[in-house]
Structure formats: C-alpha cells, structure tokens
J.: 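Structure incoming, see below.
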Number of protein chains: 2
Amino acid sequence: MLLQQYNLKVTPQRLEIVKILQEKGHLNIDELYTLLQKKFPTLSLATIYKNINKMCENFFVSEVKVPNQKNVYELTKKEHSHIVCSQCGTILDVDIDTLELNHKAQEVSHYKIDRSSIIFNGICPQCLKNK
Amino acid sequence: MLLQQYNLKVTPQRLEIVKILQEKGHLNIDELYTLLQKKFPTLSLATIYKNINKMCENFFVSEVKVPNQKNVYELTKKEHSHIVCSQCGTILDVDIDTLELNHKAQEVSHYKIDRSSIIFNGICPQCLKNK
DNA sequence: CTAAATGCAAAGCATTTGCAAATAT
DNA sequence: ATATTTGCAAATGCTTTGCATTTAG
C-alpha cells in the first residue's frame, strides 16, 4: 500500500483520507472533517490535523495555498499548477511546463531555482456559461 | 499622498507602515509589529490587523502566501512574481512576463485566465556562497 | 462636526498538545 | 512487544470584535 512507502502506518482513518483525496482532489481541513465523519462519527479534528501534518511532513500529501481561501490538501503527484475559479472557488490541476520559466527566473535573480508553484486565477467554463 | 487615493485616512501609524513596507518589501504581521513598536510603543496588534486588512481590501497592500511561512504583505505594485530562498527565507521580487503562460493555461483548461501568481523556490546567492 | 482610527480587553476560531486507551507492525 | 495512532479535553496562538477615546478631514 502507498501509505507504508511514506512511513505512515495504515489505519482505517488514513485509508479514508486517501480515498477522499483521490476522489475529490483538493480539500481543506473542514471539508475533510465533514466527509470523514460520515464513516467515522467519532473521528476528531485533532486526528485530522495530526494526520495531515504528518502526511505533509512525509511528502505524501501537499499543501496548496490559495488566495482568499483556506489551505487545501492534495495527494502529492508530479509537479503541476493550479487554476482557481474566482467565482465558485473550484480548483483545477493543470500541466504546464515550467522549465523555461524557472530558467528565466534563475537568470534574472541569480538564485538557484529548483521549483515553482503557479496559481492561475480565472473563471471556470461553468461560471462563464452562467452569465 | 498615496494613502488617500485608496480611501485610507492618513495617520502616523499608517505612514509608518507604508515607510516600513517601502524599505523592507515583504513583512509578516509580527515583523511589522516589532518594527512599529519602536516608533509607537503603545501600538497594538489589533491596530495592525485592522490596518493591514483594510489596506488589502482597498488593494493598497497585497498579501503574499509563501509555502512554509506566515503570510507576508507588500505594497501593491505592478504584477510580479516572488522567489523564496528555501534556506534563509528571503523573498525577492522578480519581473517575469506571464502573458504567454496564461494563454497556455487558458487553452489547456478552458478557464478564462486573467492573472497568475508564481512563487519560485530556490537558494539565494548569499546562501549559495555559504556552502 | 462627523466618520474613521486607535488601543485595550475580551471574545472567537483554528490548531496543537498531553494523555490514556486502542491499534498496527 | 513496541511504537504509533486515536480521540478527548485542555491549552495555545492567532485574529477579530466591541467599545470608549482620540484623531483626521
């Protein structure tokens, strides 16, 4: 199982967290809590915090900081960017090659750049229709 | 004065906030508080929060969300990106043209993209030297 | 003169911690 | 068998609110 490879013991609660993240993609703590409670009515917020923190430390999960929203969490995958709908808040993954971009930033800044995270801001097709 | 154009009354405290932001570029709430107290020993954290919040609402100041750091604030200027040193935390502004990038994201996603914020992660020249 | 800003204390949330019991390996 | 995880309650920490006083326009 995936979890073990990240030094995380496999518990029912964690399995459910993984399942939810797989299905929904990006969730904040409260959304996770609400969904998890359906299956584990006694599950406490503290457990979620402990788990998500540990999963982030171990790079099994990644935190995404979105403007004007609570932080959301996703299963760590191949580097990618995010598009946020400023209307409805939906977050979409998108594959954008950032190599060239990183190079440019490196030239300009003389920093040694190894990663970049991009958040695009726009309006999703659904919200565009509803206007 | 700048502040008035953003519907912000000019107070000594605010002037000092502006001055500090101009000089230091990016600061979190606590750093601002520490610096402001030098000039205004009675100044309260609540005042800073109120001011920064108002300044953000009025787009006079912008919030920057940095991975693994507290949010920092800067005077709103022409769109630009940020480079964060993963060693010492220093944040640098950098001018990167994002037009092409936004186009690409728009094509891939079918969102109507109007802005993007990029955070580069790397090591600053200073920290590179100290190795 | 009026509306807004300041500073204090208190309130409100979000997150973390400590600990006993339960669980995974 | 041991170390980790869970869930609860309590503690901490960060941010906001209410209110009386002061200040800006």
Side-chain angles (χ1 to χ4, degrees), chain A residues 1-21 26-73 89, chain B residues 1-21 26-73 89:
Chain A
M1 200 322 178
L2 261 171
L3 284 163
Q4 280 127 337
Q5 302 172 12
Y6 288 85
N7 276 305
L8 297 162
K9 287 198 173 174
V10 179
T11 68
Q13 291 86 341
R14 285 182 175 170
L15 284 173
E16 187 67 10
I17 290 178
V18 176
K19 187 173 159 228
I20 290 174
L21 288 178
H26 314 86
L27 294 164
N28 66 37
I29 296 289
D30 294 336
E31 291 164 343
L32 258 177
Y33 183 51
T34 305
L35 292 174
L36 282 163
Q37 277 197 317
K38 291 184 182 171
K39 190 151 190 174
F40 303 98
T42 69
L43 178 136
S44 74
L45 256 178
T47 299
I48 298 190
Y49 278 109
K50 286 172 188 165
N51 278 324
I52 288 291
N53 287 345
K54 190 128 207 269
M55 288 171 171
C56 284
E57 283 162 25
N58 296 12
F59 303 106
F60 175 64
V61 157
S62 306
E63 186 178 65
V64 184
K65 294 189 167 195
V66 184
N68 311 315
Q69 284 192 38
K70 307 187 71 174
N71 295 344
V72 296
Y73 300 88
Chain B
M1 200 314 173
L2 261 171
L3 283 163
Q4 282 126 336
Q5 301 171 13
Y6 288 85
N7 276 306
L8 298 163
K9 286 197 174 178
V10 179
T11 68
Q13 291 86 340
R14 285 180 176 172
L15 284 172
E16 187 67 8
I17 290 178
V18 175
K19 188 173 157 229
I20 290 175
L21 288 178
H26 312 87
L27 294 165
N28 66 38
I29 296 289
D30 293 335
E31 291 164 343
L32 259 176
Y33 183 51
T34 304
L35 292 173
L36 283 163
Q37 277 197 315
K38 291 185 182 169
K39 192 152 191 174
F40 304 98
T42 69
L43 178 135
S44 73
L45 256 178
T47 301
I48 299 190
Y49 278 109
K50 285 172 189 166
N51 277 325
I52 288 292
N53 288 344
K54 190 127 204 271
M55 288 171 170
C56 284
E57 283 162 25
N58 297 12
F59 302 106
F60 176 64
V61 157
S62 306
E63 185 178 64
V64 184
K65 295 192 166 192
V66 185
N68 311 314
Q69 285 193 37
K70 306 186 72 176
N71 295 343
V72 297
Y73 300 88

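Values reported hereafter were calculated over all heavy atoms of this structure, with side chains retained and with hydrogens, waters and symmetry mates removed.
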J.: Any idea which heavy atoms bring B:C56 and B:S62 closest together, and the distance?
T.: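 That would be SG-C, 4.5 Å.
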J.: Need two values: the first and the last nucleotide of DNA chain C, 5' to 3', having an atom under 4.0 Å from any heavy-atom of chain A.
T.: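 From 5' to 3', the first and last contacting nucleotides are C:dA14 to C:dT25.
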J.: Could you go through the side chain to side chain contact (heavy atoms under 4.5 Å, CB included) check for B:N28 and B:Q69 one step at a time?
T.: CA-CA 9 Å; B:N28 66 38; B:Q69 285 193 37; over 6 Å; no
J.: Output the rounded distance in Å from CG (B:N28) to C1' (D:dG13).
T.: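 Rounded to the whole Å, the gap is 14 Å.
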J.: Side chain to side chain contact (heavy atoms under 4.5 Å, CB included) between B:V18 and B:V61: does it pass, once the steps are laid out?
T.: CA-CA 9 Å; B:V18 175; B:V61 157; over 6 Å; no
J.: Please check if the number of heavy atoms outside A:N53 that lie under 6.0 Å from its CG is greater than 12.
T.: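 It does: A:N53 CG has more than 12 such atoms within range.
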J.: Using 0.5 Å steps for rounding, measure from the CG atom of B:L21 to the CD atom of B:E16.
T.: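 The CD atom of B:E16 is 10.0 Å from CG of B:L21, to the nearest 0.5 Å.
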J.: Sugar-phosphate means primed atoms, P, OP1 and OP2; the rest is base. With that split, encode nucleotides 19-25 of chain D 5' to 3' as B, S or - using protein heavy atoms under 4.0 Å.
T.: -----BS
J.: Could you tell me whether the side chain of B:L27 reaches within less than 4.5 Å of the side chain of B:V72, counting heavy atoms only?
T.: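 With C-beta onward as the side chain, the pair stays apart.
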J.: Heavy atoms, side chains only, cut-off 4.5 Å: are A:M55 and A:I17 in contact?
T.: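 Side chain of A:M55 against side chain of A:I17, heavy atoms only: contact under 4.5 Å found.
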J.: How far apart are the C-alpha atoms of B:H26 and B:E31, what are their side-chain angles, what is the distance that settles it, and do they pass the side chain to side chain contact (heavy atoms under 4.5 Å, CB included) test?
T.: CA-CA 9 Å; B:H26 312 87; B:E31 291 164 343; over 6 Å; no
J.: Starting at CD1 of A:I20, measure out to CG of A:L32 and round the result to the nearest 0.5 Å.
T.: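 If I round to the nearest 0.5 Å, the distance is 6.0 Å.
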J.: Of A:N7 and B:N53, whose nearest nucleotide on DNA chain D comes first from the 5' end?
T.: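 This one resolves to A:N7.
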J.: When you compare the side chain of B:L15 with that of B:L3, does any pair of heavy atoms fall below 4.5 Å?
T.: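 In contact.
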J.: B:Y6: which residues meet the ring-ring contact (aromatic ring centres under 6.0 Å, His included) condition with it, sequence neighbours left out?
T.: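 Once residues adjacent in sequence are excluded, the partners of B:Y6 under the ring-ring contact (aromatic ring centres under 6.0 Å, His included) criterion are B:F60.
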J.: Heavy atoms, side chains only, cut-off 4.5 Å: are A:Q37 and A:T34 in contact?
T.: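 Of all side-chain heavy-atom pairs linking A:T34 with A:Q37, none is under 4.5 Å.
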J.: Got a sec? Which of residues 30-47 of chain B come in under 4.0 Å of DNA chain C, heavy atoms?
T.: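 Contacting residues: B:T42, B:L43, B:S44, B:A46, B:T47.
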J.: To the nearest Å, give me how far apart CD1 (B:I52) and C1' (D:dC14) are.
T.: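 Those two atoms, CD1 and C1', are 15 Å apart.
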J.: side-chain hydrogen bond (donor to acceptor under 3.5 Å, both in side chains) with B:Q13: which residues, sequence neighbours excluded?
T.: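 So B:Q13 forms no side-chain hydrogen bond (donor to acceptor under 3.5 Å, both in side chains) with any residue.
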J.: Using five pairs at either end of the helix from C:dC1-D:dG25 to C:dT25-D:dA1, determine the angle between the two local helix axes and round it to 10 degrees.
T.: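 The helix from C:dC1-D:dG25 to C:dT25-D:dA1 shows an end-to-end axis angle of 50°.
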